[in-house]
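First comes the structure, then the notes that go with it.
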Number of protein chains: 2
Amino acid sequence: MGTTQLESVPEPKYWHLKTVLSEALDSEFSVGEILPNERDLAARFGVARATLRQALEQLELEGRLQRRRGVGTTVAPPRVGVAVGTQQHAWPEATGDVWQAVDCTLAAPPAAVAAALETRPDEAVYTVRRSRVSHGQPVAAELLYVPESSVPDLSAIDAPSGPARARAVLRELERLQLEGRDSAVELGSARADDAKELDRLPGAPVLVVTTRFLADGRTAALSVATYRADTCRLTFGDSGGVEIHQGPERQAS
Amino acid sequence: MGTTQLESVPEPKYWHLKTVLSEALDSEFSVGEILPNERDLAARFGVARATLRQALEQLELEGRLQRRRGVGTTVAPPRVGVAVGTQQHAWPEATGDVWQAVDCTLAAPPAAVAAALETRPDEAVYTVRRSRVSHGQPVAAELLYVPESSVPDLSAIDAPSGPARARAVLRELERLQLEGRDSAVELGSARADDAKELDRLPGAPVLVVTTRFLADGRTAALSVATYRADTCRLTFGDSGGVEIHQGPERQAS
DNA sequence: TAGTGGTCTAGACCACTCA
DNA sequence: GAGTGGTCTAGACCACTAT
(Lines give C-alpha, C1' and ligand atoms only; values in the text may rest on other atoms or scores of the structure.)
Protein backbone atom coordinates (compact mmCIF):
# COMPACT_ATOMS: atom_id res chain seq x y z
CA MET A 1 0.00 0.00 0.00
CA GLY A 2 1.20 3.44 -0.84
CA THR A 3 0.97 4.94 2.57
CA THR A 4 3.30 7.90 2.56
CA GLN A 5 5.08 6.84 5.72
CA LEU A 6 4.72 3.52 7.40
CA GLU A 7 4.62 4.44 11.05
CA SER A 8 6.40 1.71 12.93
CA VAL A 9 4.57 2.66 16.11
CA PRO A 10 1.30 4.28 15.03
CA GLU A 11 0.57 7.06 17.45
CA PRO A 12 -3.05 7.27 18.61
CA LYS A 13 -4.94 10.07 16.93
CA TYR A 14 -5.84 11.80 20.17
CA TRP A 15 -2.21 11.81 21.21
CA HIS A 16 -1.08 13.39 17.99
CA LEU A 17 -3.97 15.79 18.23
CA LYS A 18 -2.92 16.79 21.71
CA THR A 19 0.58 17.59 20.46
CA VAL A 20 -0.74 19.68 17.59
CA LEU A 21 -3.13 21.56 19.85
CA SER A 22 -0.44 22.08 22.44
CA GLU A 23 1.80 23.71 19.88
CA ALA A 24 -1.05 25.83 18.62
CA LEU A 25 -1.71 27.00 22.17
CA ASP A 26 1.91 28.05 22.51
CA SER A 27 2.10 29.94 19.29
CA GLU A 28 -1.34 31.15 18.36
CA PHE A 29 -3.29 31.67 21.54
CA SER A 30 -2.92 33.78 24.61
CA VAL A 31 -4.13 33.17 28.14
CA GLY A 32 -7.86 33.49 28.54
CA GLU A 33 -8.60 33.25 24.86
CA ILE A 34 -11.58 31.14 23.85
CA LEU A 35 -11.03 28.16 21.57
CA PRO A 36 -13.49 27.14 18.87
CA ASN A 37 -16.15 24.82 20.19
CA GLU A 38 -15.63 21.07 20.25
CA ARG A 39 -17.82 20.30 17.25
CA ASP A 40 -15.99 22.80 15.08
CA LEU A 41 -12.57 21.67 16.26
CA ALA A 42 -13.42 18.02 15.64
CA ALA A 43 -14.60 18.84 12.13
CA ARG A 44 -11.52 20.92 11.46
CA PHE A 45 -9.22 18.05 12.41
CA GLY A 46 -11.39 15.44 10.78
CA VAL A 47 -11.99 13.35 13.88
CA ALA A 48 -15.00 12.38 15.93
CA ARG A 49 -15.90 14.67 18.77
CA ALA A 50 -15.08 11.96 21.31
CA THR A 51 -11.56 11.73 19.97
CA LEU A 52 -11.07 15.45 20.15
CA ARG A 53 -12.39 15.43 23.68
CA GLN A 54 -9.80 12.87 24.67
CA ALA A 55 -7.09 15.30 23.60
CA LEU A 56 -8.75 18.23 25.36
CA GLU A 57 -9.08 16.20 28.54
CA GLN A 58 -5.36 15.57 28.63
CA LEU A 59 -4.57 19.21 28.03
CA GLU A 60 -6.95 20.17 30.81
CA LEU A 61 -5.28 17.63 33.09
CA GLU A 62 -1.96 19.28 32.36
CA GLY A 63 -3.37 22.67 33.24
CA ARG A 64 -3.21 24.04 29.72
CA LEU A 65 -6.94 24.41 29.17
CA GLN A 66 -9.98 25.25 31.19
CA ARG A 67 -13.39 24.02 30.12
CA ARG A 68 -16.70 25.17 31.48
CA ARG A 69 -20.05 23.80 30.54
CA GLY A 70 -22.29 26.29 28.84
CA VAL A 71 -19.39 28.64 28.32
CA GLY A 72 -16.55 27.16 26.34
CA THR A 73 -12.91 26.19 26.41
CA THR A 74 -10.30 28.77 27.29
CA VAL A 75 -6.53 28.85 27.50
CA ALA A 76 -5.56 28.45 31.14
CA PRO A 77 -3.02 30.67 32.89
CA PRO A 78 0.12 28.98 34.26
CA ARG A 79 -0.47 27.01 37.41
CA VAL A 80 -0.27 28.94 40.63
CA GLY A 81 2.32 27.80 43.14
CA VAL A 82 0.74 27.23 46.53
CA ALA A 83 2.97 26.80 49.54
CA VAL A 84 2.32 23.60 51.42
CA GLY A 85 4.24 22.93 54.57
CA THR A 86 6.84 25.62 54.03
CA GLN A 87 7.35 25.86 57.72
CA GLN A 88 8.05 22.42 59.08
CA HIS A 89 7.01 23.41 62.55
CA ALA A 90 4.04 25.65 62.04
CA TRP A 91 0.48 24.97 62.95
CA PRO A 92 -2.14 25.34 60.26
CA GLU A 93 -2.45 29.07 60.28
CA ALA A 94 -5.49 30.22 62.14
CA THR A 95 -5.12 33.77 61.00
CA GLY A 96 -3.86 35.24 57.76
CA ASP A 97 -5.86 35.27 54.60
CA VAL A 98 -4.89 32.08 52.81
CA TRP A 99 -7.31 29.85 54.68
CA GLN A 100 -10.84 30.79 55.49
CA ALA A 101 -12.77 28.93 58.16
CA VAL A 102 -16.13 27.78 56.88
CA ASP A 103 -17.61 25.56 59.49
CA CYS A 104 -16.93 23.34 62.47
CA THR A 105 -18.71 20.29 63.82
CA LEU A 106 -18.05 18.03 66.77
CA ALA A 107 -18.72 14.35 66.17
CA ALA A 108 -17.21 10.90 65.90
CA PRO A 109 -14.89 10.89 62.86
CA PRO A 110 -14.70 8.37 60.00
CA ALA A 111 -12.93 5.18 61.04
CA ALA A 112 -9.86 5.90 58.89
CA VAL A 113 -9.42 9.28 60.55
CA ALA A 114 -9.78 7.85 64.01
CA ALA A 115 -7.09 5.32 63.18
CA ALA A 116 -4.68 7.98 61.94
CA LEU A 117 -5.38 10.11 64.99
CA GLU A 118 -4.95 7.11 67.25
CA THR A 119 -8.11 7.99 69.07
CA ARG A 120 -10.84 5.65 70.12
CA PRO A 121 -13.39 5.35 67.32
CA ASP A 122 -16.05 6.87 69.54
CA GLU A 123 -14.01 9.83 70.76
CA ALA A 124 -15.49 13.08 69.54
CA VAL A 125 -13.39 15.07 67.12
CA TYR A 126 -13.77 18.63 65.94
CA THR A 127 -13.99 18.76 62.16
CA VAL A 128 -13.02 22.18 60.90
CA ARG A 129 -13.84 22.92 57.29
CA ARG A 130 -11.70 25.55 55.61
CA SER A 131 -11.23 26.78 52.10
CA ARG A 132 -8.20 28.32 50.52
CA VAL A 133 -8.26 31.04 47.93
CA SER A 134 -5.40 32.17 45.77
CA HIS A 135 -5.47 34.89 43.14
CA GLY A 136 -9.21 35.14 43.62
CA GLN A 137 -9.78 31.49 42.77
CA PRO A 138 -10.68 28.70 45.18
CA VAL A 139 -7.76 26.29 45.14
CA ALA A 140 -8.29 23.97 48.07
CA ALA A 141 -10.84 22.59 50.51
CA GLU A 142 -9.64 21.23 53.80
CA LEU A 143 -10.99 19.09 56.58
CA LEU A 144 -9.01 19.53 59.76
CA TYR A 145 -9.66 16.93 62.43
CA VAL A 146 -8.87 17.95 65.99
CA PRO A 147 -9.55 15.49 68.81
CA GLU A 148 -11.35 17.00 71.74
CA SER A 149 -8.42 16.00 73.92
CA SER A 150 -6.10 18.28 71.93
CA VAL A 151 -8.08 21.36 72.88
CA PRO A 152 -9.27 20.53 76.41
CA ASP A 153 -9.84 24.14 77.44
CA LEU A 154 -12.32 24.77 74.68
CA SER A 155 -15.84 25.03 75.92
CA ALA A 156 -18.97 25.03 73.87
CA ILE A 157 -19.75 28.43 75.26
CA ASP A 158 -16.65 29.92 73.70
CA ALA A 159 -17.62 28.61 70.32
CA PRO A 160 -21.27 28.91 69.60
CA SER A 161 -21.32 27.82 65.99
CA GLY A 162 -19.88 27.82 62.49
CA PRO A 163 -16.84 29.88 61.56
CA ALA A 164 -16.50 31.37 65.02
CA ARG A 165 -16.23 27.95 66.57
CA ALA A 166 -13.71 26.93 63.90
CA ARG A 167 -11.51 29.89 64.74
CA ALA A 168 -11.76 29.11 68.43
CA VAL A 169 -10.55 25.57 67.82
CA LEU A 170 -7.62 26.84 65.75
CA ARG A 171 -6.69 29.35 68.43
CA GLU A 172 -6.68 26.66 71.10
CA LEU A 173 -4.64 24.38 68.88
CA GLU A 174 -1.90 26.95 68.53
CA ARG A 175 -1.30 26.91 72.26
CA LEU A 176 0.17 23.42 71.96
CA GLN A 177 3.88 22.94 71.39
CA LEU A 178 4.20 21.58 67.85
CA GLU A 179 6.92 18.97 67.51
CA GLY A 180 6.73 18.16 63.84
CA ARG A 181 4.58 17.32 60.91
CA ASP A 182 4.26 14.61 58.30
CA SER A 183 2.70 15.10 54.91
CA ALA A 184 1.71 12.91 52.03
CA VAL A 185 0.53 13.87 48.56
CA GLU A 186 -1.51 11.67 46.29
CA LEU A 187 -3.83 11.91 43.35
CA GLY A 188 -7.54 11.65 43.95
CA SER A 189 -10.84 12.67 42.46
CA ALA A 190 -13.02 15.32 43.99
CA ARG A 191 -15.93 14.23 46.11
CA ALA A 192 -19.19 15.99 45.40
CA ASP A 193 -18.86 18.42 48.31
CA ASP A 194 -15.25 19.33 47.58
CA ALA A 195 -15.98 19.67 43.88
CA LYS A 196 -18.68 22.20 44.63
CA GLU A 197 -16.37 24.24 46.79
CA LEU A 198 -13.61 24.11 44.18
CA ASP A 199 -15.99 25.11 41.38
CA ARG A 200 -15.37 21.85 39.50
CA LEU A 201 -17.42 18.84 38.54
CA PRO A 202 -17.40 15.79 40.82
CA GLY A 203 -14.57 13.46 39.93
CA ALA A 204 -12.25 16.25 38.88
CA PRO A 205 -8.60 15.39 39.54
CA VAL A 206 -7.28 16.72 42.82
CA LEU A 207 -4.09 16.54 44.81
CA VAL A 208 -4.86 15.31 48.29
CA VAL A 209 -2.43 16.52 50.93
CA THR A 210 -2.70 14.66 54.21
CA THR A 211 -0.80 16.20 57.09
CA ARG A 212 -0.36 14.93 60.60
CA PHE A 213 0.58 17.45 63.28
CA LEU A 214 2.58 16.06 66.16
CA ALA A 215 2.53 17.49 69.67
CA ASP A 216 2.86 16.03 73.14
CA GLY A 217 4.30 12.91 71.53
CA ARG A 218 1.12 12.10 69.67
CA THR A 219 -0.98 13.17 66.71
CA ALA A 220 -2.65 16.36 67.83
CA ALA A 221 -4.45 17.11 64.59
CA LEU A 222 -4.95 15.75 61.11
CA SER A 223 -5.50 17.77 57.97
CA VAL A 224 -6.86 16.44 54.70
CA ALA A 225 -6.59 19.15 52.08
CA THR A 226 -7.90 18.78 48.56
CA TYR A 227 -6.21 20.95 45.94
CA ARG A 228 -7.34 21.50 42.36
CA ALA A 229 -4.83 19.52 40.33
CA ASP A 230 -5.46 21.48 37.16
CA THR A 231 -4.60 24.88 38.56
CA CYS A 232 -2.17 24.19 41.39
CA ARG A 233 1.49 23.46 41.78
CA LEU A 234 2.25 22.51 45.38
CA THR A 235 5.51 23.89 46.68
CA PHE A 236 7.51 22.52 49.57
CA GLY A 237 10.73 23.60 51.16
CA ASP A 238 12.73 26.66 51.97
CA SER A 239 11.66 29.13 49.35
CA GLY A 240 9.20 29.46 46.57
CA GLY A 241 9.59 26.28 44.60
CA VAL A 242 10.67 25.74 41.05
CA GLU A 243 8.66 26.64 38.03
CA ILE A 244 9.36 24.65 34.94
CA HIS A 245 6.97 25.13 32.12
CA GLN A 246 8.24 22.75 29.53
CA GLY A 247 6.83 24.83 26.74
CA PRO A 248 6.25 23.10 23.41
CA GLU A 249 6.58 19.48 24.31
CA ARG A 250 8.12 17.44 21.56
CA GLN A 251 7.00 13.87 21.48
CA ALA A 252 9.75 11.32 21.19
CA SER A 253 7.35 8.95 19.43
CA MET B 1 -42.46 5.17 33.27
CA GLY B 2 -42.41 3.64 36.69
CA THR B 3 -39.01 4.77 37.74
CA THR B 4 -38.70 3.78 41.35
CA GLN B 5 -37.18 7.07 42.53
CA LEU B 6 -37.17 10.40 40.79
CA GLU B 7 -33.65 11.65 41.44
CA SER B 8 -33.80 15.36 42.00
CA VAL B 9 -30.16 15.69 40.98
CA PRO B 10 -29.65 12.87 38.50
CA GLU B 11 -26.21 11.48 39.13
CA PRO B 12 -24.32 10.54 35.99
CA LYS B 13 -24.44 6.82 35.35
CA TYR B 14 -20.68 6.42 35.38
CA TRP B 15 -20.48 8.14 38.73
CA HIS B 16 -23.05 5.91 40.29
CA LEU B 17 -21.35 2.93 38.69
CA LYS B 18 -18.07 3.96 40.19
CA THR B 19 -19.61 4.03 43.65
CA VAL B 20 -21.19 0.63 43.20
CA LEU B 21 -17.98 -0.88 41.88
CA SER B 22 -15.97 0.74 44.63
CA GLU B 23 -18.17 -0.87 47.25
CA ALA B 24 -17.96 -4.21 45.51
CA LEU B 25 -14.17 -3.93 45.53
CA ASP B 26 -14.19 -3.36 49.25
CA SER B 27 -16.48 -6.19 50.12
CA GLU B 28 -16.21 -8.85 47.44
CA PHE B 29 -12.72 -8.66 46.00
CA SER B 30 -9.23 -9.02 47.33
CA VAL B 31 -6.01 -7.46 46.08
CA GLY B 32 -4.77 -8.93 42.85
CA GLU B 33 -8.06 -10.51 41.95
CA ILE B 34 -9.15 -10.28 38.32
CA LEU B 35 -12.42 -8.53 37.50
CA PRO B 36 -14.75 -9.71 34.75
CA ASN B 37 -13.87 -8.18 31.40
CA GLU B 38 -15.29 -4.84 30.33
CA ARG B 39 -17.85 -6.25 27.90
CA ASP B 40 -19.29 -8.56 30.53
CA LEU B 41 -19.31 -5.88 33.20
CA ALA B 42 -21.02 -3.42 30.90
CA ALA B 43 -23.69 -5.96 30.02
CA ARG B 44 -24.16 -6.87 33.66
CA PHE B 45 -24.80 -3.24 34.61
CA GLY B 46 -26.81 -2.53 31.50
CA VAL B 47 -24.62 0.28 30.19
CA ALA B 48 -22.50 0.86 27.13
CA ARG B 49 -18.91 -0.19 27.35
CA ALA B 50 -17.74 3.41 27.08
CA THR B 51 -19.75 4.33 30.14
CA LEU B 52 -18.36 1.47 32.12
CA ARG B 53 -14.87 2.46 31.06
CA GLN B 54 -15.42 5.96 32.38
CA ALA B 55 -16.07 4.48 35.82
CA LEU B 56 -13.07 2.17 35.59
CA GLU B 57 -10.83 5.05 34.55
CA GLN B 58 -11.73 6.96 37.69
CA LEU B 59 -11.11 3.97 39.89
CA GLU B 60 -7.75 3.45 38.22
CA LEU B 61 -6.94 7.13 38.76
CA GLU B 62 -7.66 6.66 42.43
CA GLY B 63 -5.35 3.69 42.59
CA ARG B 64 -8.09 1.16 43.20
CA LEU B 65 -7.70 -0.75 39.95
CA GLN B 66 -4.95 -1.72 37.61
CA ARG B 67 -5.68 -2.38 33.95
CA ARG B 68 -3.37 -4.00 31.47
CA ARG B 69 -4.05 -4.46 27.80
CA GLY B 70 -4.22 -8.06 26.74
CA VAL B 71 -4.43 -9.19 30.34
CA GLY B 72 -7.35 -7.73 32.24
CA THR B 73 -8.37 -5.56 35.15
CA THR B 74 -7.14 -6.40 38.62
CA VAL B 75 -7.68 -5.00 42.09
CA ALA B 76 -4.71 -2.80 42.94
CA PRO B 77 -2.82 -3.01 46.22
CA PRO B 78 -2.81 0.12 48.43
CA ARG B 79 -0.54 2.86 47.16
CA VAL B 80 3.06 2.64 48.27
CA GLY B 81 4.42 5.58 50.21
CA VAL B 82 7.60 6.88 48.63
CA ALA B 83 9.75 9.29 50.57
CA VAL B 84 10.42 12.51 48.71
CA GLY B 85 12.66 15.07 50.31
CA THR B 86 12.66 13.55 53.76
CA GLN B 87 16.00 15.11 54.45
CA GLN B 88 15.84 18.78 53.67
CA HIS B 89 19.56 19.01 53.22
CA ALA B 90 20.48 15.81 51.44
CA TRP B 91 21.77 15.45 47.93
CA PRO B 92 19.99 13.07 45.62
CA GLU B 93 21.41 9.86 46.89
CA ALA B 94 24.14 8.55 44.65
CA THR B 95 24.32 5.24 46.44
CA GLY B 96 21.65 3.15 48.09
CA ASP B 97 19.17 1.08 46.19
CA VAL B 98 16.20 3.37 45.72
CA TRP B 99 17.56 5.11 42.66
CA GLN B 100 19.34 3.37 39.85
CA ALA B 101 21.47 5.32 37.40
CA VAL B 102 20.53 4.53 33.84
CA ASP B 103 22.39 6.91 31.63
CA CYS B 104 24.15 10.23 31.41
CA THR B 105 24.62 12.67 28.57
CA LEU B 106 26.34 16.02 28.31
CA ALA B 107 24.59 18.57 26.16
CA ALA B 108 22.77 21.89 26.08
CA PRO B 109 19.55 21.52 28.10
CA PRO B 110 16.00 22.51 27.16
CA ALA B 111 15.45 26.23 27.47
CA ALA B 112 13.15 25.89 30.49
CA VAL B 113 15.80 23.92 32.35
CA ALA B 114 18.52 26.41 31.52
CA ALA B 115 16.31 29.17 32.89
CA ALA B 116 15.69 27.33 36.16
CA LEU B 117 19.38 26.55 36.49
CA GLU B 118 20.25 30.13 35.71
CA THR B 119 22.86 28.99 33.24
CA ARG B 120 23.48 30.37 29.80
CA PRO B 121 21.30 28.52 27.29
CA ASP B 122 24.40 27.18 25.58
CA GLU B 123 26.21 25.98 28.68
CA ALA B 124 26.57 22.23 28.66
CA VAL B 125 24.68 20.35 31.34
CA TYR B 126 24.97 16.75 32.44
CA THR B 127 21.64 14.98 32.18
CA VAL B 128 21.54 11.99 34.45
CA ARG B 129 18.68 9.58 33.92
CA ARG B 130 17.70 7.47 36.90
CA SER B 131 14.86 5.16 37.74
CA ARG B 132 13.38 4.35 41.08
CA VAL B 133 12.05 0.99 42.06
CA SER B 134 9.91 0.20 45.07
CA HIS B 135 8.52 -3.18 46.06
CA GLY B 136 9.78 -4.57 42.77
CA GLN B 137 7.79 -2.06 40.73
CA PRO B 138 9.15 0.93 38.83
CA VAL B 139 7.66 3.99 40.47
CA ALA B 140 9.59 6.93 39.11
CA ALA B 141 11.80 8.15 36.30
CA GLU B 142 14.07 11.10 36.93
CA LEU B 143 16.08 13.53 34.88
CA LEU B 144 18.76 15.20 36.97
CA TYR B 145 20.36 18.23 35.38
CA VAL B 146 23.83 19.15 36.62
CA PRO B 147 25.62 22.11 35.06
CA GLU B 148 29.19 21.38 34.12
CA SER B 149 30.24 24.18 36.43
CA SER B 150 28.81 22.32 39.44
CA VAL B 151 31.21 19.43 38.95
CA PRO B 152 34.33 21.12 37.63
CA ASP B 153 36.69 18.32 38.65
CA LEU B 154 34.90 15.75 36.56
CA SER B 155 36.84 14.74 33.50
CA ALA B 156 35.58 12.75 30.60
CA ILE B 157 38.23 10.18 31.35
CA ASP B 158 36.72 9.44 34.75
CA ALA B 159 33.36 8.80 33.24
CA PRO B 160 33.54 6.89 30.02
CA SER B 161 29.87 6.29 29.41
CA GLY B 162 26.39 5.41 30.60
CA PRO B 163 25.68 4.45 34.20
CA ALA B 164 29.32 4.73 35.22
CA ARG B 165 29.43 8.33 34.11
CA ALA B 166 26.14 9.00 35.87
CA ARG B 167 27.54 7.69 39.13
CA ALA B 168 30.67 9.77 38.69
CA VAL B 169 28.58 12.92 38.30
CA LEU B 170 26.59 12.10 41.42
CA ARG B 171 29.76 11.45 43.40
CA GLU B 172 31.22 14.77 42.37
CA LEU B 173 27.97 16.53 43.21
CA GLU B 174 28.05 15.23 46.76
CA ARG B 175 31.30 17.03 47.41
CA LEU B 176 29.48 20.36 47.29
CA GLN B 177 28.05 21.87 50.43
CA LEU B 178 24.28 21.65 50.06
CA GLU B 179 22.49 24.68 51.43
CA GLY B 180 18.89 23.80 50.83
CA ARG B 181 16.35 22.49 48.45
CA ASP B 182 13.04 23.53 46.96
CA SER B 183 10.44 21.17 45.65
CA ALA B 184 7.21 21.45 43.76
CA VAL B 185 4.63 18.79 42.98
CA GLU B 186 2.16 18.94 40.14
CA LEU B 187 0.03 16.68 38.04
CA GLY B 188 1.20 15.78 34.57
CA SER B 189 0.87 13.12 31.96
CA ALA B 190 3.67 10.74 31.12
CA ARG B 191 5.77 11.44 28.07
CA ALA B 192 6.42 8.48 25.82
CA ASP B 193 9.87 7.77 27.23
CA ASP B 194 8.84 8.05 30.86
CA ALA B 195 5.74 5.97 30.23
CA LYS B 196 7.85 3.18 28.84
CA GLU B 197 10.11 3.22 31.86
CA LEU B 198 7.15 3.26 34.22
CA ASP B 199 5.42 0.43 32.40
CA ARG B 200 2.43 2.58 31.54
CA LEU B 201 0.88 3.95 28.40
CA PRO B 202 1.82 7.43 27.23
CA GLY B 203 -0.40 10.04 28.81
CA ALA B 204 -0.80 8.13 32.05
CA PRO B 205 -1.25 10.46 35.03
CA VAL B 206 1.97 11.18 36.89
CA LEU B 207 3.09 13.34 39.77
CA VAL B 208 5.96 15.51 38.66
CA VAL B 209 8.33 16.48 41.45
CA THR B 210 10.68 19.29 40.52
CA THR B 211 13.50 19.88 42.99
CA ARG B 212 16.14 22.56 42.95
CA PHE B 213 19.32 21.90 44.92
CA LEU B 214 21.04 24.98 46.26
CA ALA B 215 24.78 25.20 46.89
CA ASP B 216 27.32 27.98 46.69
CA GLY B 217 24.46 30.45 46.65
CA ARG B 218 23.08 29.18 43.37
CA THR B 219 21.17 26.31 41.83
CA ALA B 220 23.69 23.50 41.65
CA ALA B 221 21.37 20.88 40.23
CA LEU B 222 17.80 20.41 39.13
CA SER B 223 15.80 17.21 39.38
CA VAL B 224 12.60 16.48 37.49
CA ALA B 225 11.16 13.24 38.79
CA THR B 226 8.06 11.62 37.34
CA TYR B 227 6.13 9.34 39.71
CA ARG B 228 3.32 6.99 38.78
CA ALA B 229 0.25 8.71 40.18
CA ASP B 230 -1.80 5.54 40.32
CA THR B 231 0.54 3.59 42.56
CA CYS B 232 2.40 6.23 44.57
CA ARG B 233 1.76 8.35 47.62
CA LEU B 234 4.52 10.90 48.01
CA THR B 235 5.59 11.47 51.59
CA PHE B 236 7.31 14.54 52.94
CA GLY B 237 8.51 15.46 56.35
CA ASP B 238 10.02 13.99 59.48
CA SER B 239 8.77 10.44 59.47
CA GLY B 240 6.82 8.13 57.26
CA GLY B 241 3.81 10.12 56.25
CA VAL B 242 0.18 9.48 56.88
CA GLU B 243 -1.84 6.76 55.35
CA ILE B 244 -5.51 7.40 55.05
CA HIS B 245 -7.41 4.96 52.98
CA GLN B 246 -10.92 6.26 53.10
CA GLY B 247 -12.36 2.83 52.59
CA PRO B 248 -15.90 2.66 51.23
CA GLU B 249 -16.48 6.20 50.10
CA ARG B 250 -20.00 7.31 50.62
CA GLN B 251 -21.12 9.88 48.14
CA ALA B 252 -22.84 12.88 49.59
CA SER B 253 -24.84 13.26 46.38
C1' DT C 1 -33.58 30.35 23.13
C1' DA C 2 -29.18 29.36 21.16
C1' DG C 3 -24.84 27.57 22.03
C1' DT C 4 -21.64 25.29 25.00
C1' DG C 5 -19.50 21.29 27.22
C1' DG C 6 -21.04 16.67 29.62
C1' DT C 7 -23.05 12.11 29.16
C1' DC C 8 -24.33 8.02 26.70
C1' DT C 9 -24.99 4.55 23.04
C1' DA C 10 -23.94 0.59 19.87
C1' DG C 11 -21.31 -0.53 17.17
C1' DA C 12 -16.19 -1.33 14.82
C1' DC C 13 -11.36 -2.27 14.57
C1' DC C 14 -6.60 -2.34 16.61
C1' DA C 15 -2.61 -3.71 19.79
C1' DC C 16 -1.31 -6.61 23.00
C1' DT C 17 -0.74 -11.01 25.98
C1' DC C 18 -0.83 -15.68 26.60
C1' DA C 19 -1.80 -20.46 26.04
C1' DG D 1 -5.97 -17.75 17.78
C1' DA D 2 -8.81 -16.39 21.53
C1' DG D 3 -9.47 -12.90 24.75
C1' DT D 4 -8.24 -8.59 26.80
C1' DG D 5 -8.09 -3.54 27.14
C1' DG D 6 -7.28 0.75 23.92
C1' DT D 7 -8.94 3.64 20.16
C1' DC D 8 -12.42 5.55 17.21
C1' DT D 9 -16.88 6.70 15.04
C1' DA D 10 -21.41 9.11 14.26
C1' DG D 11 -24.78 9.89 16.09
C1' DA D 12 -28.27 11.41 20.33
C1' DC D 13 -29.78 13.82 24.32
C1' DC D 14 -28.93 16.48 28.69
C1' DA D 15 -27.33 20.34 31.88
C1' DC D 16 -25.73 24.58 32.06
C1' DT D 17 -24.73 29.61 30.72
C1' DA D 18 -25.53 33.59 28.52
C1' DT D 19 -28.40 36.78 25.97
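Labels below follow one simple rule: chain letters A, B, ... track the order of the sequence lines, proteins then strands, and each chain is numbered from 1.
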(message) Can you work out whether G70(A) or E38(B) has the more 5'-proximal nearest nucleotide on DNA chain D?
(response)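 The answer here is E38(B).
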(message) Here's a test of your reading of the structure: between V71(A) and P12(A), which maps to the more 5' nucleotide of DNA chain D?
(response)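 Mapping each residue to its closest nucleotide by heavy atoms, the 5'-most match is P12(A).
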Identify, with sequence neighbours excluded, every residue that meets side chain to side chain contact (heavy atoms under 4.5 Å, CB included) alongside [X].
X: V20(A); value: H16(A), F45(A)
X: L106(B); value: A124(B), Y126(B), E148(B), R165(B)
X: D194(B); value: R129(B), A141(B), R191(B), T226(B)
X: P205(B); value: L187(A), L61(B), L187(B), A229(B)

(message) I'd like the 5' and 3' limits of the part of DNA chain D contacted by chain B, with heavy-atom contacts below 4.0 Å.
(response)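 Nucleotide range in contact with chain B: dG3(D) to dA15(D).
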(message) So, OP1 or OP2 of dT4(C): does either fall under 4.0 Å of a side-chain N or O from N37(A)?
(response) yes
(request) Go through residues 43-55 of chain B and report each residue with a non-hydrogen atom lying under 4.0 Å from DNA chain D, sorted by number. (result)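 R49(B), R53(B), in order of number.
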(request) Answer with base, sugar-phosphate or nothing: what part of the nucleic acid does R39(A) contact at a heavy-atom distance below 4.0 Å? (result) base
(request) Would you mind classifying the nucleic acid contact of L56(B) as base, sugar-phosphate or nothing, using non-hydrogen atoms under 4.0 angstrom? (result) nothing
(request) Could you name each residue pair satisfying side-chain hydrogen bond (donor to acceptor under 3.5 Å, both in side chains) that touches residues 101-114 of chain B, not counting sequence neighbours? (result)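 Sorted result for residues 101-114 of chain B: empty, none.
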(request) Would you kindly give the CG-to-C1' distance between L201(A) and dT4(C), to the nearest whole Å? (result) 13 Å
(request) Say whether S30(B) and E33(B), considering side chains only, have a donor N or O and an acceptor N or O under 3.5 Å apart. (result) yes
(request) Not counting sequence neighbours, which residues clear side chain to side chain donor-acceptor pair (under 3.5 Å) with S27(A)? List them please. (result) none
(request) Under the salt bridge (Lys or Arg N to Asp or Glu O under 4.0 Å) rule, collect the residues that match up with E38(B), sequence neighbours excluded. (result)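 Partners of E38(B) by the salt bridge (Lys or Arg N to Asp or Glu O under 4.0 Å) criterion, ordered by chain and then number, come out as R49(B), R53(B), R67(B).
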